[in-house]
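Please read all numbers here as calculations on a predicted model, not as lab measurements.
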4 protein chains.
Amino acid sequence: MRRLRLGMVGGGHGAFIGAVHRYAARLDGEWELVAGALSSDPKRAAASASGLGIVPERSYADFRYMAQAEAMREDGIDAVAIVTPNHMHAGPAVAFLDAGIHVICDKPLAATAEDADAIADAVMRSGRHFVLTHNYTGYPMIRQAREMVANGDLGALRVVQVEYAQDWLTETLSTKQADWRTDPERSGAGGCVGDIGTHAFNLATFVTGAAPESLSAELNTFVAGRRVDDDVQVRLRYKTGARGSLWASQVAVGNENGLRLRVYGDRAGIEWSQETPNSLAFTVFGEPRRILTRAGAGVTSSANVTARTPAGHPEGYLEAFATIYSDAAKLIRAGASNGTRQVPIPSIEDGLAGMRFIASCLRSSMGNGVWVDLGSAAR
Amino acid sequence: MRRLRLGMVGGGHGAFIGAVHRYAARLDGEWELVAGALSSDPKRAAASASGLGIVPERSYADFRYMAQAEAMREDGIDAVAIVTPNHMHAGPAVAFLDAGIHVICDKPLAATAEDADAIADAVMRSGRHFVLTHNYTGYPMIRQAREMVANGDLGALRVVQVEYAQDWLTETLSTKQADWRTDPERSGAGGCVGDIGTHAFNLATFVTGAAPESLSAELNTFVAGRRVDDDVQVRLRYKTGARGSLWASQVAVGNENGLRLRVYGDRAGIEWSQETPNSLAFTVFGEPRRILTRAGAGVTSSANVTARTPAGHPEGYLEAFATIYSDAAKLIRAGASNGTRQVPIPSIEDGLAGMRFIASCLRSSMGNGVWVDLGSAAR
Amino acid sequence: MRRLRLGMVGGGHGAFIGAVHRYAARLDGEWELVAGALSSDPKRAAASASGLGIVPERSYADFRYMAQAEAMREDGIDAVAIVTPNHMHAGPAVAFLDAGIHVICDKPLAATAEDADAIADAVMRSGRHFVLTHNYTGYPMIRQAREMVANGDLGALRVVQVEYAQDWLTETLSTKQADWRTDPERSGAGGCVGDIGTHAFNLATFVTGAAPESLSAELNTFVAGRRVDDDVQVRLRYKTGARGSLWASQVAVGNENGLRLRVYGDRAGIEWSQETPNSLAFTVFGEPRRILTRAGAGVTSSANVTARTPAGHPEGYLEAFATIYSDAAKLIRAGASNGTRQVPIPSIEDGLAGMRFIASCLRSSMGNGVWVDLGSAAR
Amino acid sequence: MRRLRLGMVGGGHGAFIGAVHRYAARLDGEWELVAGALSSDPKRAAASASGLGIVPERSYADFRYMAQAEAMREDGIDAVAIVTPNHMHAGPAVAFLDAGIHVICDKPLAATAEDADAIADAVMRSGRHFVLTHNYTGYPMIRQAREMVANGDLGALRVVQVEYAQDWLTETLSTKQADWRTDPERSGAGGCVGDIGTHAFNLATFVTGAAPESLSAELNTFVAGRRVDDDVQVRLRYKTGARGSLWASQVAVGNENGLRLRVYGDRAGIEWSQETPNSLAFTVFGEPRRILTRAGAGVTSSANVTARTPAGHPEGYLEAFATIYSDAAKLIRAGASNGTRQVPIPSIEDGLAGMRFIASCLRSSMGNGVWVDLGSAAR
């Protein structure tokens with residue numbers, strides 16, 4: 001079984017998430033990076049490509065040309081990873097999909113609703129796979145949590161508390177990462193809400209299997225001069241009757257990457273924190289709290305499938321990200337059909353839901369917290 | 001220096017909070033329980049009193065009679081502790097205040113706005129001290145936190161996240177405690193919001209020194225047949241421009257008494273949890289997280305004043321509660337003047353603020369989360 | 001039921017453990033401090049007594065006179081608390097026992113084997129109760145652990161790891177506390193091993209119910225000029241075949257009062273830490289770890305008996321200490337017989353075992369870690 | 001820069017550590033697995049090789065033939081990974097070294113002193129690199145700890161407590177992993193002491209930079225019928241005057257992979273736990289505890305060099321293992337000289353030290369804990 005061939009758009013020297021995608025693609029040995037348009041600056045693109053073992057002829061300065069060239073090669077790429085800033089997702093995504101090449105795209109889906117629609121249309125007409133790297137869904141204990149909810153271990157869900165607290169934007173910051181993520185032209189109108197709020201929203205949806213139907217939000221900008229929000233307070237109502245909050249912040253001093261999820265049903269509750277991802281607290285009402293551990297006693301099959309090491313040998317962020325890549329490989333190897341997903345991998349639908357989440361938060365916040373229906377929201 | 005003489009209304013056999021008040025009164029040796037109307041049932045009152053070392057002649061079946069009798073004794077009580085259900089606060093509070101006796105009253109202040117007003121009026125006209133046992137403010141690390149905020153250690157406050165999660169009302173429950181706390185006739189219209197939401201609200205106010213000015217709330221009742229709320233989601237806006245959330249729940253399975261506070265400023269952040277109350281996480285932006293400990297390195301004076309044991313010898317809930325009692329003793333020993341409090345002890349004002357909080361949450365929730373001004377709210 | 005009357009020897013202004021004993025005696029309302037020889041300096045004694053509500057005539061400058069005077073009073077003390085430095089335990093203990101007064105004595109039992117023998121003889125001939133305040137045995141989760149071991153929940157014990165790490169003597173220190181605890185004339189030949197090593201030893205014995213039969217020890221003194229050990233490494237062999245280590249240190253920087261116990265059997269294991277005393281980890285082999293909590297789900301009766309507050313309302317060091325005092329009150333109220341203890345309260349036997357532990361550690365260490373039989377050890 | 005070519009001996013279907021080595025080799029993109037003698041059973045070897053993308057002609061059934069064949073190829077392997085049981089280390093190691101091929105070998109070095117000597121001799125005469133995968137030294141916070149000790153941040157070291165607690169061998173177990181690890185013919189005379197005790201020993205040595213000079217040990221076998229030790233208690237004396245304990249156990253129920261290190265100097269102390277490897281507690285005497293985090297505030301350069309993700313994005317076991325592989329790649333790329341290591345990577349010397357540790361523990365334990373000099377110990 002050959003390795004799948006991967007191309008990459010973006011991710012040249014100095015990028016953060018591009019390197020993460022490459023670690024993720026390498027870990028399980030399913031992928032081989034063979035082509036790239038790593039930068040719009042040809043020299044920079046070539047230098048980056050060379051350092052990554054991409055042969056010169058497959059280092060492209062233009063993603064459109066790359067899509068066409070790769071589509072025509074017999075050994076062309078199976079999929080492309082798009083790791084550019086948000087406003088640069090749609091262009092390459094559409095180009096590669098239309099060239100018949102599967103797409104693995106960083107989140108959020110796009111900077112604008114128009115871009116998001118363009119990608120969705122291209123997915124539909126191409127029939128190619130589109131994988132959105134909501135990487136936190138790749139954590140074994142998150143899959144365990146999802147399975148437990150689905151199995152009814154928690155009973156009927158009542159309260160869902162999710163939060164994502166960081167502090168890196170506590171002060172005005174000018175770095176490559178900070179610049180585009182706080183620039184509405186590149187990140188989209190949502191700042192914190194788009195960058196990490198969508199992760200929290202996606203995680204809650206993934207685990208509960210229960211899409212929120214409406215929300216009330218307040219977006220704040222605490223750092224003077226910042227053009228996007230840096231703190232987000234949201235209340236969510238789920239179709240099932242569950243209720244909950246989502247808090248995302250980039251100014252919560254002392255938090256590095258504090259994504260945490262708590263779900264309570266009428267029978268049991270679970271609690272999970274991304275910074276110690278190998279355990280999941282599980283409490284049945286009236287019984288002592290149990291600490292479930294990745295690959296440990298009492299965890300069920302699907303979490304173990306994604307575990308690479310025995311219990312007590314911690315897996316981390318890159319392993320969870322790699323699981324997304326390996327799941328994408330399974331999808332692709334399973335055939336062209338997008339219809340029947342056998343792995344719970346974030347898709348175009350999740351991307352569109354994230355766009356609706358961003359738009360709804362912005363609309364609610366401008367309306368002083370008015371409840372906005374997520375289903376009907378313009379993206 | 002003699003011990004102060006304490007009376008008690010409520011707190012007979014089987015009560016929870018009455019016993020807590022007695023532990024708190026005894027710990028520091030400032031108080032002596034000498035009189036009580038421990039139950040409205042005379043036999044039960046007498047039996048309870050006897051077990052507590054109260055002489056028969058000072059075991060009363062009627063609090064009104066007790067107030068008058070004690071006021072006339074030369075060795076009459078200095079203060080009375082009111083530990084009855086909420087709807088039974090106002091009667092005894094007014095009676096004892098009007099008899100010139102200081103009052104230590106459990107929270108929330110009252111079951112209704114009318115009752116609250118009656119108590120406030122009696123405080124005003126009597127000039128007696130009124131102490132509300134928002135006991136969590138007695139924790140040394142909470143006082144440390146308050147002092148750090150006041151000192152500007154956190155900079156300008158931005159985000160305040162407070163929560164109080166329990167699970168004891170996950171299912172329909174009929175016990176002495178559960179019965180009155182879920183009965184709007186006795187607890188007031190607020191259930192969870194009054195019982196523990198007010199604690200969370202008070203704690204955030206106490207530490208930040210910044211009264212919230214408006215709120216948007218959603219009150220939920222998840223257990224079928226329950227007549228009051230059992231889960232509360234609130235967004236708060238502070239006068240200083242800070243923003244934050246308050247979540248209180250009695251159905252969050254796996255949480256015993258999870259009161260937690262996180263405060264973030266533009267310079268530093270703090271995090272505290274009631275179930276491990278002897279430490280306080282403190283992070284200055286750009287520096288490693290520091291773990292401050294009760295009576296440990298780096299804590300300032302006021303927290304140490306309330307510490308009875310060296311660092312590493314944990315103090316708990318009863319010690320924090322006892323601090324309220326000892327602070328009350330200081331107040332009383334300092335003289336009759338209610339005006340100048342030298343100790344940060346919860347007062348009638350805190351009680352009224354809690355009533356406004358409950359009323360505002362109810363009003364906002366009925367208005368689908370409309371923002372309600374806390375200042376102007378009818379209590 | 002009247003309060004028991006307590007006297008105190010030692011514990012004047014500036015003392016640490018005297019105040020702790022007083023908090024402990026007050027908390028449950030079982031005791032009333034009515035007499036004391038709080039200091040050998042009469043003025044200091046009188047001043048301390050006055051602040052504690054002891055009437056002048058019962059403030060004594062001499063413990064021998066106090067013993068006789070109190071024994072003759074109709075309202076004489078029921079028991080005396082001895083809270084002096086180690087070398088001052090035997091004198092008062094013998095005097096009060098011989099006067100027919102029960103003794104509650106701080107640990108370790110004495111500074112020398114001769115003193116220990118003198119106390120033991122006095123206990124024997126007087127028939128009075130002698131309670132040694134190995135206070136950590138009063139923690140509810142320690143009692144829970146003891147009961148679980150006794151019930152066979154852990155199976156046959158294999159490994160017992162106990163440690164007690166502090167850092168307060170990391171540097172040369174001259175305070176009232178440090179001075180006598182590092183002076184072999186006052187503390188006895190053992191420093192760290194006597195002060196906290198005996199606590200660790202006692203805790204392991206208490207929980208496992210399995211007395212160690214031999215040990216190999218290394219005592220170290222890291223701070224130049226110090227005349228006693230400040231770090232102790234011990235290996236223990238239990239009669240049951242279990243094996244384990246004991247580590248005590250006063251120079252482990254970053255540890256405040258880190259007493260921790262881990263016990264592993266062939267069926268399950270438990271782990272407990274004094275600084276977070278309200279929980280106990282319990283893992284049955286092949287099952288997820290469970291977190292048992294004081295007064296919480298799954299804890300058995302004896303732990304609950306000692307719990308004053310509901311689960312999640314943390315009890316601490318003083319509550320555990322108070323349980324020793326209340327258990328002592330039960331003993332005394334139950335009658336004069338020392339024979340049948342219904343409460344698991346540290347006794348003269350525990351004190352003598354601690355003395356043998358200290359002596360054996362010293363002997364082993366001087367013999368380069370030779371194994372020393374605890375049973376036959378000269379104290 | 002081409003990828004280095006890796007071969008592997010052992011690691012066929014069902015092996016645990018072979019897969020770990022492959023993840024580690026892949027993660028950073030420095031290595032490509034191109035050849036293997038994955039099993040001594042030719043069919044099994046071929047099947048395993050095929051699944052790993054090794055072309056049939058480079059799947060060998062015999063490691064000796066593989067060494068010669070690869071040495072003769074122009075595109076022959078740069079290094080071989082030896083992932084067989086301990087008794088099968090020496091044969092391949094010598095064969096590949098003598099063929100001029102670098103060796104990356106799993107720990108412990110060998111099953112017998114003779115084997116260890118043979119490997120050491122081959123390293124000497126070949127001049128090739130020999131890397132022992134004491135993988136825990138690859139954790140960023142362990143490198144941080146090592147650097148802090150070396151910088152004098154802790155002052156003069158006093159106490160070193162290291163432990164490695166597991167529970168997987170609590171009962172008699174017959175699996176591929178358990179079988180050879182409890183068979184003295186294959187694992188060597190040490191069971192627990194060799195399998196995980198050597199890791200703990202190596203970690204303490206790596207961080208402190210201070211080789212222990214003597215030890216006193218007790219090895220126990222708790223499971224009936226087991227032919228090797230399953231619990232190890234050791235006291236260590238360091239050349240610098242530091243003292244400490246090492247505990248390793250495979251029967252400590254409730255522990256998955258509990259490798260923990262605590263080091264205390266006269267100025268500060270550090271504490272680390274492998275199951276939450278991204279943080280390191282650091283306490284300067286008299287200051288609050290600081291929590292240093294991987295890639296976070298206050299960590300120094302070398303730890304960041306090995307960090308692949310930002311703070312709060314946890315790295316785990318595989319990343320630490322991968323760092324060993326990438327460091328090996330650096331060594332090899334730096335030239336043939338074994339003399340000047342610029343990276344702190346475990347070597348033949350560490351392997352020999354581990355063998356001396358095992359032998360000394362066995363000898364001490366047979367001598368009832370007699371102190372054994374590590375320097376002079378026969379391996």
Novice: Less than 3.5 Å apart and able to act as donor and acceptor by atom type: which atom pairs between chain C and chain A qualify?
Specialist:
| residue | atom | partner | partner atom | Å |
| --- | --- | --- | --- | --- |
| C:Arg289 | O | A:Ile291 | N | 2.8 |
| C:Ile291 | N | A:Arg289 | O | 2.8 |

Novice: So, for C:Gly197 and C:Leu246, which heavy atoms are closest and what is the spacing to 0.1 Å?
Specialist: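 Heavy atoms only, the tightest pair is O-CD1, 4.0 Å.
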
Novice: If you look at every heavy atom in C:Pro314 and C:Gly312, which pair is closest and at what distance?
Specialist: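 Minimum heavy-atom contact is CD-O, 3.2 Å.
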
Novice: Determine the minimum heavy-atom distance between A:Ile324 and A:Pro346, stating which atoms define it.
Specialist: CD1-CD, 4.2 Å

Novice: Between A:Leu157 and A:Ala242, which heavy-atom pair has the shortest distance, and what is it?
Specialist: O-CB, 3.8 Å

Novice: Do you know the tightest heavy-atom contact between C:Leu292 and C:Gly298?
Specialist: CD2-O, 4.4 Å

Novice: Checking side chain to side chain contact (heavy atoms under 4.5 Å, CB included) between A:Pro212 and each of A:Val160, A:Leu236, A:Val234, which is the one that passes?
Specialist: A:Leu236

